[in-house]
Amino acid sequence: MAGSGASDDEIVLEIEHCIRIFKSGLVERYFGSDPVPPYTDADTGVASKDHTISPDVAVRLYLPPVATESGEENKKLPILVYFHGGGFVLHTAFNFVFHAYLTSLAARARAIIVSVDYRLAPEHPLPAAYDDSWEALAWVASHAPGGAGGDEPWLTDHGDFSRLSLGGESAGGNIAHNLAMRAGAEGLPHGARISGGIVLVHPYFLGHGKVPSEESDPVMAENVVKMWRAVCPQTTGVDDPWINPLAAGAPAIEGLACGRVLVCLAETDVCRDRGRAYCEGLRASGWAGEVEVLEVAGQAHCFHLGDFACDDAVRQDDAIARFLNL
């Protein structure tokens with residue numbers, strides 16, 4: 001219940017049909033919080049299971065049937081450590097939307113997916129989501145050859161750590177970038193490397209000034225700024241390096257700890273031009289890797305989660321599958 005003072009009833013962020021956050025700390029979420037259990041999907045044969053890493057962090061793993069087909073007992077598959085979107089305030093790795101989407105993606109990409117459930121803001125402000133995601137990545141890395149002897153057989157028996165990638169959409173893309181930057185500064189635990197690359201789908205980045213994609217939907221553009229201030233109360237603003245990797249004073253982006261980046265953009269997404277700028281900044285930075293960009297016409301932010309079987313979503317997932325398997 002909100003506090004008794006009128007100011008406590010003030011709404012600091014409201015996105016229709018999604019979430020309402022009050023100054024008192026009360027949060028009303030309208031979808032995304034209901035989990036579904038792991039199971040083997042009858043259509044694709046993709047199996048899933050959950051693992052608790054710590055009281056704050058858990059993951060759901062997806063294993064496509066190619067890993068266990070007759071004669072393929074020792075087949076090694078690419079690994080994608082995946083961070084869900086939702087502006088750091090919505091969703092769980094265990095809800096129906098992400099379970100259905102990642103089951104489909106695991107089948108299409110023939111890859112092991114480790115989907116991370118991190119703590120949400122504003123109850124757990126940033127850097128909680130970054131720290132939880134790093135803890136999950138370290139757990140995955142413990143299964144690498146020469147690691148700490150991780151005991152998850154799907155990773156030890158079937159994971160190809162020469163093709164380890166990070167990825168996610170929206171806030172999850174932001175997390176993937178920031179973890180790759182941390183890996184560049186500190187190195188991954190257990191000698192693992194982000195050897196595959198990072199996949200940023202409609203990444204949640206901001207910055208000073210206005211860009212054309214934000215002018216296309218001023219209300220949503222304002223909301224994503226309000227959201228950032230709600231999830232990171234101590235932020236310096238839209239040029240905080242966590243939300244603007246190109247800001248003056250941000251860690252040098254050429255320190256990104258991977259050799260390949262795939263950025264997926266959507267034409268009518270308010271975040272589109274920040275994603276374009278990210279690609280341009282990465283190319284101009286002196287970073288020695290390769291940037292691949294896929295932009296889908298006529299689609300909005302995270303359109304693929306609404307219909308991951310539509311032609312544009314399949315095209316996007318095909319690009320991700322190719323990227324993971326190189």
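These numbers come from a predicted model, not from an experiment. Basis for what follows: all heavy atoms, side chains included, without hydrogens, waters or symmetry-related copies.
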Distance col, row Glu214:CD vs Arg272:CZ, nearest 0.5 angstrom, shows 10.0 Å
Co-membership, hydrophobic cluster, residues Tyr101 and Val314, 4.5 Å side-chain:
no
May I have all residue pairs that pass ring pair (Phe, Tyr, Trp, His ring centres under 6.0 Å) and include part of residues 231-280, sequence neighbours excluded?
Tyr130-Trp242, His177-Tyr278, Phe205-Tyr278
Can you confirm whether Glu16 is buried at CD, in the sense that more than 12 heavy atoms of other residues, nucleotides or ligands lie under 6.0 Å from that atom?
no
Does the pair Arg182/Asp131 count as a salt bridge with the N-to-O cut at 4.0 Å?
yes
Determine whether a donor-acceptor pair (N or O, by modelled atom type, separation under 3.5 Å) exists between the side chain of Asn95 and the backbone of Gly32.
yes
Any Leu246 side-chain heavy atom under 4.5 Å of Glu280 side chain
no
Could you tell me whether the side chain of Lys76 and the main chain of Asp157 form a donor-acceptor pair under 3.5 Å?
yes
Begin with the C-alpha distance, continue with both residues' side-chain angles, and end with the deciding distance and a verdict on side-chain contact (heavy atoms from CB on, under 4.5 Å) for Arg108 and Phe308.
CA-CA 11 Å; Arg108 183 174 300 278; Phe308 54 80; over 6 Å; no
Do Ile194 and Val81 come close enough that some side-chain heavy atom pair is under 4.5 Å?
no
Do the two ring centres, one from His143 and one from Phe161, sit under 6.0 Å apart?
no
Please determine whether a side-chain nitrogen of the Lys or Arg among Arg315 and Asp318 lies less than 4.0 Å from a carboxylate oxygen of the Asp or Glu.
no
Can a donor-acceptor pair be found, under 3.5 Å and without considering hydrogens, that links the side chain of Asn325 to the backbone of Pro78?
no
So how far is it from Ile243 CD1 to Leu206 CG, rounded to the nearest 0.5 Å?
4.5 Å
Across all chains, not counting sequence neighbours, the side-chain contact (heavy atoms from CB on, under 4.5 Å) partners of Cys18 are Ile15, Phe31, Leu90
What I'd like to find out is whether the side chain of His99 reaches to under 4.5 Å of the side chain of Tyr62, using heavy atoms alone.
yes
Does the side chain of Tyr204 come within less than 4.5 Å of Ile175's, by heavy atoms?
no
With a sphere of 6.0 Å drawn around CZ of Arg110, does it hold more than 12 non-hydrogen atoms of other residues, nucleotides or ligands?
no
Hydrophobic cluster membership, with links at side-chain heavy-atom distances under 4.5 Å among I/L/V/M/F/W/Y: are Val97 and Phe94 in one?
no
Would you check if Ile19 and Val27 make a side-chain contact, meaning some heavy-atom pair closer than 4.5 Å?
yes
Value for CG (Asn223) from CG (Leu13), rounded to nearest 0.5 Å, stands at 6.0 Å
Thr103 versus Asp41, side-chain donor and acceptor atoms under 3.5 Å:
no
Atom pair CG/CG of Leu137 and Leu179 - distance to nearest 0.5 Å
5.5 Å
Return yes when atom CD of Glu215 has more than 12 non-hydrogen atoms of other residues, nucleotides or ligands closer than 6.0 Å, and no otherwise.
yes
Which donor-acceptor pairs under 3.5 Å do side chains of residues 256-271 form with protein atoms, sequence neighbours excluded?
residue : atom : partner : partner atom : Å
Arg260  : NH1  : Gly196  : O            : 2.5
Arg260  : NH1  : Phe323  : O            : 3.3
Arg260  : NH2  : Phe323  : O            : 2.8
Glu267  : OE1  : Gly298  : N            : 2.5
Thr268  : OG1  : Gln299  : O            : 2.7
Thr268  : OG1  : Ala300  : N            : 3.3
Asp269  : OD1  : Cys271  : N            : 3.0
Asp269  : OD1  : His301  : ND1          : 3.0
Asp269  : OD2  : His301  : ND1          : 2.9

Just by distance, do the side chain of Arg20 and the backbone of Ile11 share a donor-acceptor pair under 3.5 Å?
no
Decide if the gap between the ring center of Tyr118 and the ring center of His124 is smaller than 6.0 angstrom.
no
Any chain of hydrophobic side-chain contacts (each under 4.5 Å) joining Leu200 to Phe303?
no
How far does CD1 of Ile113 sit from OG of Ser48, to the nearest 0.5 angstrom?
11.0 Å
